[in-house]
Protein chains: 2
Amino acid sequence: MPIPHFGQPRYRVIADKLRLRIESGAIPPGALLPAESLLTTEFRASRGTIRQALAVLRETGLVATEHGRGTYANPRPHQSGSDTCSEPETRQREIPADPEIAEIFGVDVGAILIENESVTRWNGAVRTVVRTYRLRRARP
Amino acid sequence: MPIPHFGQPRYRVIADKLRLRIESGAIPPGALLPAESLLTTEFRASRGTIRQALAVLRETGLVATEHGRGTYANPRPHQSGSDTCSEPETRQREIPADPEIAEIFGVDVGAILIENESVTRWNGAVRTVVRTYRLRRARP
DNA sequence: AGAAATTTGTCCGTATGTATC
DNA sequence: AGATACATACGGACAAATTTC
């Protein structure tokens with residue numbers, strides 16, 4: 001028996017309540033949200049509705065979900081005093097295409113690609129490595 | 001009787017097929033996609049799965065849906081001239097670190113990294129491949 | 001103007017697969 | 001190996017917006 005949704009959809013109401021908990025600090029950054037199964041009993045909603053609510057928060061980047069682990073609040077640490085985020089260290093080089101990336105580009109294995117690499121550190125530790133590949137090609 | 005989802009989830013497969021129809025021009029910009037009820041019969045999938053596939057295309061801006069009307073293809077080409085730039089096709093996977101990237105992160109070779117890959121096409125041809133690497137969250 | 005048909009939106013319940021602990 | 005947690009998928013029901021007759 002579906003429960004009617006007068007006015008605001010239930011999943012938005014639930015999303016708002018969860019957002020309030022995160023923004024108020026009741027669920028601190030990095031902390032795990034209650035499991036979906038718990039949220040179903042707390043909000044008396046089906047799991048599909050709970051997942052819809054979490055999807056809203058995920059789209060806005062307020063939470064991140066990992067398979068088998070759970071949903072974390074505020075995965076991006078906010079800027080605060082002593083944290084140091086280094087300027088990205090970048091480099092460019094030319095490399096031969098391995099079989100996998102050759103197939104993506106639709107070129108022969110070993111074809112020359114231009115790779116841009118950007119390394120970002122956080123408090124000294126490498127946080128992300130971004131590599132961009134493109135074909136070396138004549139200018140249009 | 002739920003159908004198991006080996007490899008690619010069904011909704012992603014369906015989303016890819018629909019994207020192909022749009023990018024190939026089989027469904028021209030501004031045109032209506034088949035109704036969800038039609039797609040269920042065509043792809044032999046439940047409506048929920050169809051809606052999940054459409055949600056993928058909606059997130060990338062490839063389609064827009066209006067209540068009571070339908071789902072429109074490519075409402076805003078947002079690309080000047082005759083060039084067509086597809087929204088990136090993304091995927092996430094876990095890979096063992098090769099010696100080079102292991103050194104960057106300061107981890108052992110073979111350590112598991114999370115790789116996000118985004119492929120952007122231009123006029124059908126692959127333009128850029130962006131790969132972002134990060135460490136898998138350490139156990140709490 | 002109004003009723004019916006169409007189409008998307010929301011919600012429920014259930015079952016099973018897959019990843020993590 | 002078992003328990004826990006998220007992911008995918010099915011089917012049904014009703015609500016709300018739009019179009020059609």
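Computed from a prediction, not measured in an experiment: that's the story for all the values here. Chain letters run A, B, ... following the sequence lines, proteins first and then strands; every chain starts at 1.
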Tested for side chain to side chain contact (heavy atoms under 4.5 Å, CB included) against B/I14, the lone hit among B/L54, B/I50, B/L39 is B/I50
Answer yes or no: does a side-chain N or O of A/Y11 lie under 4.0 Å from OP1 or OP2 of C/dC11?
no
For atom CZ of A/R51 and atom C1' of D/dA9, their distance in whole Å:
11 Å
Using the rule that two of Ile, Leu, Val, Met, Phe, Trp, Tyr join whenever any of their side-chain heavy atoms come within less than 4.5 Å, decide whether A/I22 and A/Y11 are in one cluster.
no
Would A/I104 end up clustered with A/V107 when hydrophobic side chains under 4.5 Å apart are linked, directly or stepwise?
yes
In whole angstrom, what separates A/R10's CZ from C/dG9's C1'?
15 Å
Report which part of the nucleic acid B/G48 touches: base, sugar-phosphate, or nothing (heavy-atom distance under 4.0 Å, all strands).
nothing
Value in whole Å for how far the P atom of C/dT8 lies from CG of B/L54:
8 Å
Begin from the C-alpha positions of B/E59 and A/R58 and carry the test salt bridge (charged side-chain N to carboxylate O under 4.0 Å, His left out) through to its verdict.
CA-CA 12 Å; B/E59 274 176 28; A/R58 212 174 301 131; over 6 Å; no
Hey, does B/T65 reach any base, or is it just sugar-phosphate, or nothing, if we go heavy atoms under 4.0 Å?
sugar-phosphate
Taking atom P of D/dA5 as reference, at what distance in whole Å does atom CG of A/L33 sit?
13 Å
Pair A/L32, A/Y72 - check side-chain contact (heavy atoms from CB on, under 4.5 Å), show working.
CA-CA 5 Å; A/L32 215 49; A/Y72 295 87; 3.4 Å; yes
Whole angstroms only, please: what is the CD1-C1' distance between B/I14 and D/dT8?
12 Å
Do any of residues 34-43 of chain A sit with a heavy atom less than 4.0 Å from DNA chain D, and if so which?
A/A35, A/E36
In whole angstroms, how far is the P atom of C/dT7 from the CG atom of B/L32?
9 Å
According to a hydrophobic-cluster definition based on side-chain heavy atoms being under 4.5 Å apart (Ile, Leu, Val, Met, Phe, Trp, Tyr only), do A/V109 and A/F105 belong together?
no
Using a cutoff of under 3.5 Å, can you pull out all pairs of nitrogen or oxygen atoms linking the protein to nucleotides 17-21 of chain D, with atom names and distances?
unit_1, atom_1, unit_2, atom_2, d
D/dT19, OP1, B/R69, NE, 3.4
D/dT19, OP1, B/R69, NH2, 2.6

Could you work out which one of D/dT8, D/dC10, C/dC11 sits closest to the side chain of B/T49?
D/dC10
hydrophobic_cluster_shared for B/F43 and B/V56, side chain cutoff 4.5 Å
no
Distance below 4.0 Å between B/R47 side-chain N/O and C/dT7 OP1 or OP2:
no
Closest approach of B/R10 and B/R44, non-hydrogen atoms and distance?
NH2-O, 3.3 Å
List the atom of A/R19, the atom of A/L62, and the distance in Å for their closest heavy-atom pair.
CG-CD2, 3.5 Å
Interatomic distance, A/R44 CZ vs C/dG13 P [rounded to whole Å]:
12 Å
Find the distance A/I50:CD1 to C/dC11:P and express it as a whole number of Å.
10 Å
